[in-house]
Amino acid sequence: MFLASVGAPESQRQHQRLPMDPLCTASSGPRKKRPKQVGASMASPPHDIKFQNLVLFILEKKMGTTRRNFLMELARRKGFRVENELSDSVTHIVAENNSGSEVLKWLQVQNIRASSELELLDVSWLIESMGAGKPVEITGKHQLVVKTDYSATPNAGFQKTPPLAVKKISQYACQRKTTLNNYNHIFTDAFEILAENSEFKENEVSYVTFMRAASVLKSLPFTIISMKDTQGIPCLGDKVKCVIEEIIEDGESSEVKAVLNDERYQSFKLFTSVFGVGLKTSEKWFRMGFRSLSKITSDKTLKFTKMQKAGFLYYEDLVSCVTRAEAEAVGVLVKEAVWAFLPDAFITMTGGFRRGKKIGHDVDFLITSPGSAEDEEQLLPKVINLWEKKGLLLYYDLVESTFEKFKLPSRQVDTLDHFQKCFLILKLHHQRVDSGRSNQQEGKTWKAIRVDLVMCPYENRAFALLGWTGSRQFERDIRRYATHERKMMLDNHALYDKTKRVFLKAESEEEIFAHLGLDYIEPWERNA
Ligand code: DCT
Ligand code: MG
């Protein structure tokens with residue numbers, strides 16, 4: 001079972017580990033302890049060079065001989081050319097825990113002048129590249145920053161190492177700022193795959209463990225490059241640290257590799273990519289022996305819901321992400337239609353796009369109006385009707401409101417709200433036919449886009465906005481924080497103070513944060 005694969009305690013494992021053959025990690029299941037191979041790099045066979053244009057040199061300073069030998073060996077196995085000595089042919093210097101200034105200083109001592117073409121890179125670039133099996137694009141986060149003032153503090157100019165005095169990091173995402181600038185993709189991608197696999201297995205505990213780990217790592221302003229960097233970071237238990245350690249050492253996690261190769265994971269991933277297909281249906285199809293969508297759609301005995309039929313019909317469009325330009329174009333359609341019936345309505349694009357994401361799986365909108373409840377109730381049916389007449393409506397499911405005023409907020413962190421809402425697939429006509437996709441489907445001049453419209457009472461708009469902005473992890477944590485730290489109950493409708501037994505009103509998200517005693521976190525800092 002998943003949780004049973006937790007390895008020996010951290011301290012114990014530390015002694016047993018040494019740089020080892022990374023190719024052994026391809027095996028499935030938990031990590032095995034492998035025998036010591038002292039000086040493995042000395043006796044290594046020659047490796048084929050896959051990337052002729054790069055010549056790497058790994059700096060031993062602050063890294064140590066063992067780790068340097070290990071990284072050199074691993075990089076060579078992955079097809080990189082790594083020099084033992086620094087020479088004119090070197091194009092990339094890779095360093096760990098050194099600022100750009102420190103590397104330059106070292107070069108000066110060696111009497112070597114660094115040319116402007118020489119890349120000074122953080123080891124995170126090499127680790128990511130080895131993980132990707134090819135050199136990844138060099139971005140600002142990989143480049144060591146050079147400050148000319150050497151009298152500055154040792155870490156000055158090198159932004160991607162942990163600051164010397166780390167401010168205590170909260171276990172709650174609502175007390176951390178998480179922008180889309182993720183310095184730890186190599187780890188967070190791994191944890192998101194492990195979390196998804198746990199979700200497919202309906203293992204809630206394990207799902208939460210991995211999602212919290214991914215979330216906290218996304219908030220760090222530096223890249224984790226050694227286990228030392230994980231000290232003091234919450235939400236990283238033994239199991240999680242074991243995965244991090246393996247990625248640092250080998251560039252990848254054997255457990256993630258095993259999940260990606262697992263037939264059940266692959267099938268669930270494929271099945272749930274169809275709009276309207278959840279875990280129950282995936283489980284059923286998997287048990288019935290289905291492994292491909294074509295076999296499913298051509299099976300005469302299977303019955304599909306209206307939602308699934310639409311999911312299959314527009315599959316190609318729906319799996320290709322919605323771009324911001326497409327989201328904006330949908331926004332124009334929504335505003336036109338809504339304002340035709342309710343000119344004073346407020347319309348806000350919520351979800352990932354409000355958090356600054358460039359792509360999404362759908363476009364979410366929150367609609368509210370200070371007008372009468374009856375007008376409110378009639379709006380979505382009118383909008384649907386209009387789009388139907390215009391031939392823009394490919395699918396819709398209108399869910400009537402079950403909202404009751406003064407109902408206590410839900411105790412569940414994951415429940416959907418009671419507002420009236422509509423899940424749609426809209427036909428978005430291309431502004432101009434320029435994508436390869438339209439060539440594939442000759443003559444098709446539109447794309448099917450998933451859209452969620454939510455209509456909420458005016459007094460609840462701040463809560464609804466906070467709830468529909470996400471991310472999911474941020475929402476879970478702010479509700480958990482309200483419950484455990486403030487004895488309050490928060491959901492998409494309201495905030496209730498259990499001690500004072502009152503509902504706390506709010507006109508804006510800022511006021512909700514203030515009621516909770518939290519510093520305000522901007523939407524683009526909620527990408528937890
Ligand atoms: N939400 C939530 N709990 C859920 C589902 C959603 O709190 N179980 C909130 C958070 C985000 C918002 O609703 C919109 O949901 P999605 O569209 O699923 O998420 P997203 O962040 O917009 O992601 P994507 O970019 O993939 O659409
Ligand atoms: Mg969304």
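When a ligand or atom number is given, it counts from 1 through the structure's own listing order.
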E475 contact mode with ligand 1 (heavy-atom cut-off under 4.0 Å): side chain
If the cut-off is 4.0 Å to any non-hydrogen atom of K357, which atoms of ligand 1 fall inside it? 23 (O), 24 (P), 25 (O), 26 (O)
Between K201 and S206, is there a side-chain donor-acceptor contact under 3.5 Å, judged purely by atom types and distance? no
Regarding D122 and S124, is there a side-chain donor-to-acceptor distance under 3.5 Å anywhere? yes
Could you list which atoms of ligand 1 come closer than 4.0 Å to a heavy atom of G467? 7 (O), 9 (C), 10 (C), 13 (O)
Out of G360, G470, A327, C321, the nearest non-hydrogen contact to atom 11 (C) of ligand 1 is supplied by G470
Does the plane of the ring in F275 sit parallel, tilted or perpendicular to the ring in Y395? Use 30° and 60° as the thresholds. perpendicular
Is there a donor-acceptor pair under 3.5 Å between the side chain of N197 and the backbone N or O of V259? no
Proximity winner for atom 15 (O) of ligand 1, if only heavy atoms of T469, V454, D364, D452 are counted: D364
Just go through R354, H361, R479, R355 and tell me whose heavy atom is the nearest to atom 24 (P) of ligand 1. H361
Does NZ or CZ of K447 fall inside the cone over Y314's six-membered ring, less than 6.0 Å from its centre and within 45° of the axis? no
Ring centroid separation for F403 and F419, is it under 6.0 angstrom? yes
Are F271 and F286, when compared by the centres of their aromatic rings, separated by less than 6.0 Å? no
Show which atoms of ligand 1 fall inside a sub-4.0 Å distance from at least one heavy-atom site of G351. 22 (O)
D362 atom (N/O/S) at minimal separation from the Mg ion (ligand 2): OD1
The atom of D364 among N, O or S that is nearest the Mg ion (ligand 2) is OD2
